[in-house]
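Report on the structure given below.
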Amino acid sequence: MRRMAITDDSTVVAVIGAGAMGSGIAQVAAQAGHEVHLVDADAGAAAASHEHLGTTLTRLVDKGKLTADERAGILRRIVIGPAADGDLQELPPVGLVVEAVIEKLDVKQEIFRTLAEHQDESTVFATNTSSLDVGAMAHDLDAPERLIGLHFFNPPPLMRLVEVVRTTQSDAQVLDDASELMRRWGKTPVLVTSTPGFIVNRVARPFYGESMRMLEAGIADAATLDLALREQGGFRMGAFELTDLIGLDVNFAVGNSVWHQTDRDPRYEPVDLQRRLVEEGRLGRKTGHGWFEYDESGHAVDAEPDAGRAAELVGGPVETDPVARTIAMLVNEGVDLVHRGEASAEDVDTAMKLGTNYPKGPHEWLEELGAAEVVRRLRALDAAFPGGRYRVSPALEEQV
């Protein structure tokens, strides 16, 4: 069936979900010139989001990043129509729907089933899920080849990366058009198979997991491990301060989802210490207490690192070196993902640098360190901590 090219400037977009992600995606699409219908199941949420966007855009005008006319045009293109409070039957014909609701598979499936009943078969459906199986959302859907993933990163107006996620049924032209559309929206698309966590949330698991395991083992405190990753590793933030910023509950949910979707692969097993903090309601900055404790201004009051201990750890045995452990595992994950045919090496490196602000991509680290060194580190870790977490990717083994 011939499909309408969603790359046309006249393409009408619908965004389902008016939370932080949905509102941000709506802003991006409207800034690119599209008419956007904003929808949310909670009565009044779409209208409230529109009002909040007005305030956000006013600040951009005040900073000289938008003109008053541009602000007015963006707000005018974001439509709060008859479907705004969740009645998808009232949504007018659109060329692209981006779903950005709660991370529950059954909720998303129901949305797409309803849309399929009331939109034309040429309408492209996209989910903004960060870790759920996109293929499962297309199950039993009429024309499942038109459903793909468009995983934006928070906040969508600022983050350049978008993971374009394909299923076994996705139409190649739809994927190409979606990638071109993202470029027109000022984004950098990377193509990935619908694998647990896609690129970023799959490859990034060791960044958090290695630091948490070292803390749990008493090797160093959280602030010291963060300092080592920042100062010696070149990462913008350490694992603990970043998790506190994201929210321990959000980070744990993504990691737990990847673990379960990979049949509880030990590579992704969550750390009990993080689980307990989440259960205690210590979720990070938003609750005033996570790995660190925060004052009213959001400043961590108990995050003084031991610089001497950090310097002592880095360059020492890999078992107690937070930088060496973390980078070896990131390389292993990135290489393994490419080995499975789920993304290209170039897209993996692009995704990790843009989506997580890592100083290098896994394959750039591999080229710098050499496969033999990475394998040496992983084998040492596997000997010290047996059980499968540190098993070496076959693709790395082949390079030694």
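Predicted model, so just to flag it, every value in this text is computed and none were measured.
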For Leu277 against Gly290, the heavy-atom pair lying closest together: CD1-O, 4.2 Å
Quick one: do Lys286 and Asp244 make a salt bridge, cutoff under 4.0 Å? no
Can you confirm whether more than 12 heavy atoms, excluding those of Glu180, are under 6.0 Å from its CD atom? yes
For Arg183, does the CZ atom sit with more than 12 other heavy atoms under 6.0 Å from it, leaving out its own atoms? yes
Heavy atoms of Asp40 and Ala18 approach each other most closely as OD2-N, 2.8 Å
Counting C-beta onward and ignoring hydrogens, is there a side-chain heavy-atom pair between Leu337 and Val348 closer than 4.5 Å? yes
Please confirm whether the backbone N or O of Val323 pairs with a side-chain atom of Glu210, one donor and one acceptor, at under 3.5 Å? no
side-chain hydrogen bond (donor to acceptor under 3.5 Å, both in side chains) for Asp347 and Thr350? Distances and angles first, verdict last. CA-CA 5 Å; Asp347 277 356; Thr350 296; 5.0 Å; no
Do NZ/NE/NH1/NH2 and the carboxylate oxygens of Lys353 and Asp349 come within less than 4.0 Å? no
Would you mind writing out the side-chain donor-acceptor pairs for residues 136-143 within the sub-3.5 Å range, not counting sequence neighbours?
none

What heavy-atom pair brings Arg166 and Gly341 nearest, and what distance separates the two atoms? NH2-O, 3.6 Å
Going through the distances and angles, do Glu99 and Lys108 end up as a salt bridge (charged side-chain N to carboxylate O under 4.0 Å, His left out)? CA-CA 8 Å; Glu99 167 274 314; Lys108 295 176 186 287; 2.4 Å; yes
Does any non-hydrogen side-chain atom of Leu378 lie less than 4.5 Å from one of Met329? yes
Counting distance only, does the side-chain N/O of Glu70 pair as donor-acceptor with the main-chain N or O of Thr67 below 3.5 Å? yes
Donor-acceptor pair, side chain of His363 and main chain of Glu346, under 3.5 angstrom: no
Check for a donor-acceptor pair, side chain of Asp321 on one end and backbone N or O of Gly315 on the other, with a separation under 3.5 Å. yes
Could you tell me whether the side chain of Asp133 reaches within less than 4.5 Å of the side chain of Leu105, counting heavy atoms only? no
Quiz question: by atom type and distance under 3.5 Å, do the side chains of Thr55 and Glu51 form a donor-acceptor pair? no
The reported gap from CG in Leu245 to CG in Asn251 (rounded to nearest 0.5 angstrom) is 11.0 Å
Using modelled atom types and a 3.5 Å cut-off, is there a donor and acceptor pairing between side-chain atoms of Arg71 and backbone atoms of Val61? no
Is there a side-chain contact between Val335 and Pro362 in this structure, where contact means two heavy atoms from C-beta onward sitting under 4.5 Å apart? no
Using atom types as modelled and distance alone, determine if a side-chain donor or acceptor of Asn332 lies under 3.5 Å from a backbone N or O of Val392. no
Hey, is Arg309 close enough to Glu312 for a salt bridge, meaning N to O under 4.0 Å? yes
Is it true that Arg379 and Asp382 make a salt bridge, defined as a side-chain N closer than 4.0 Å to a carboxylate O? no
Give a yes or no on whether Asp263 atom CG has more than 12 heavy-atom contacts from other residues, nucleotides or ligands under 6.0 Å away. no
Quick one: does Thr193's side chain have a donor or acceptor within less than 3.5 Å of a partner on Thr195's backbone? no
Parallel under 30°, tilted from 30 to 60°, perpendicular over 60°: which one fits the rings of His151 and Phe153? tilted
Please work out whether the ring planes of Trp291 and Phe240 are parallel, tilted or perpendicular, with thresholds of 30° and 60°. perpendicular
For the residue pair Phe235 and Tyr358, categorise the inter-ring angle as parallel (less than 30°), tilted (30 to 60°) or perpendicular (more than 60°). perpendicular
On the six-membered ring of Phe125, is Arg146 placed so that its NZ or CZ lies under 6.0 angstrom from the centre and within 45° of the ring axis? yes
Euclidean distance, Leu96 CG relative to Ser122 OG, rounded to 0.5 Å: 11.5 Å
After noting the C-alpha distance and the side-chain angles of Phe112 and Thr127, does the key distance pass the side-chain contact (heavy atoms from CB on, under 4.5 Å) rule? CA-CA 9 Å; Phe112 288 121; Thr127 175; 4.0 Å; yes
May I ask you to say whether Glu269 pairs ionically with Arg213, meaning some side-chain N is under 4.0 Å from a carboxylate O? no
Please say whether more than 12 non-hydrogen atoms of neighbouring residues, nucleotides or ligands are located less than 6.0 Å from CD in Glu280. yes
I would like to know whether Asp62 and Arg59 meet salt bridge (charged side-chain N to carboxylate O under 4.0 Å, His left out); could you show each step before the answer? CA-CA 5 Å; Asp62 293 342; Arg59 287 198 291 268; over 6 Å; no
Evaluate Val164 against Phe198 for side-chain contact (heavy atoms from CB on, under 4.5 Å), listing each step before the verdict. CA-CA 9 Å; Val164 180; Phe198 312 139; over 6 Å; no
Between Trp185 and His34, what is the ring plane arrangement, given parallel below 30°, perpendicular above 60°, and tilted in between? perpendicular
Is it the case that atom CD in Glu304 sees more than 12 heavy atoms from other parts of the structure closer than 6.0 Å? no
For Leu330 versus Ala204, what's the shortest heavy-atom pair and its separation? CD2-CA, 4.3 Å
Worked check of side-chain hydrogen bond (donor to acceptor under 3.5 Å, both in side chains) between Thr129 and Glu103: CA-CA 7 Å; Thr129 184; Glu103 285 285 84; 3.0 Å; yes
Is a side-chain donor or acceptor of His37 paired with a backbone partner of Val15 at a separation under 3.5 angstrom? no
Taking only Lys NZ, Arg NE, NH1 and NH2, and the carboxylate oxygens of Asp or Glu, determine whether Glu279 and Arg276 approach each other closer than 4.0 Å. no
If we only count heavy atoms from C-beta on, is the Val101 to Ile111 side-chain gap below 4.5 Å? yes
Mind checking whether Thr188 and Met182 have side chains closer than 4.5 Å, heavy atoms only? no
Arg236 atom CZ, neighbour heavy-atom count above 12 within 6.0 Å: no
For a salt bridge (charged side-chain N to carboxylate O under 4.0 Å, His left out) check, start with the C-alpha distance between Arg77 and Glu35, then their side-chain angles and the critical distance, and finish with the verdict. CA-CA 5 Å; Arg77 287 190 290 274; Glu35 178 183 316; over 6 Å; no
For the pair Asp8 and Arg184, find out whether any cationic side-chain nitrogen is under 4.0 Å from an anionic carboxylate oxygen. no
Could you tell me if the side chain of Phe207 sits less than 4.5 Å from the side chain of Leu242, heavy atoms only? yes
Would you check if the side chain of Asp42 reaches a backbone N or O of Asp85 as a donor-acceptor pair within less than 3.5 Å? no
With a 4.0 Å cut-off on N to O distance, would you call Arg377 and Glu373 a salt bridge? yes
Answer yes or no: is there a side-chain heavy-atom contact under 4.5 Å between Pro196 and Arg202? yes
Tell me whether Thr56 contacts the main-chain N or O of His52 through its side chain, where contact means a donor paired with an acceptor under 3.5 Å. yes
Who passes side chain to side chain contact (heavy atoms under 4.5 Å, CB included) against Gln89, sequence neighbours left out? Asp87, His118
Run the numbers on Arg205 and Arg267 for side-chain contact (heavy atoms from CB on, under 4.5 Å), then give the verdict. CA-CA 8 Å; Arg205 297 339 301 160; Arg267 274 189 182 171; over 6 Å; no
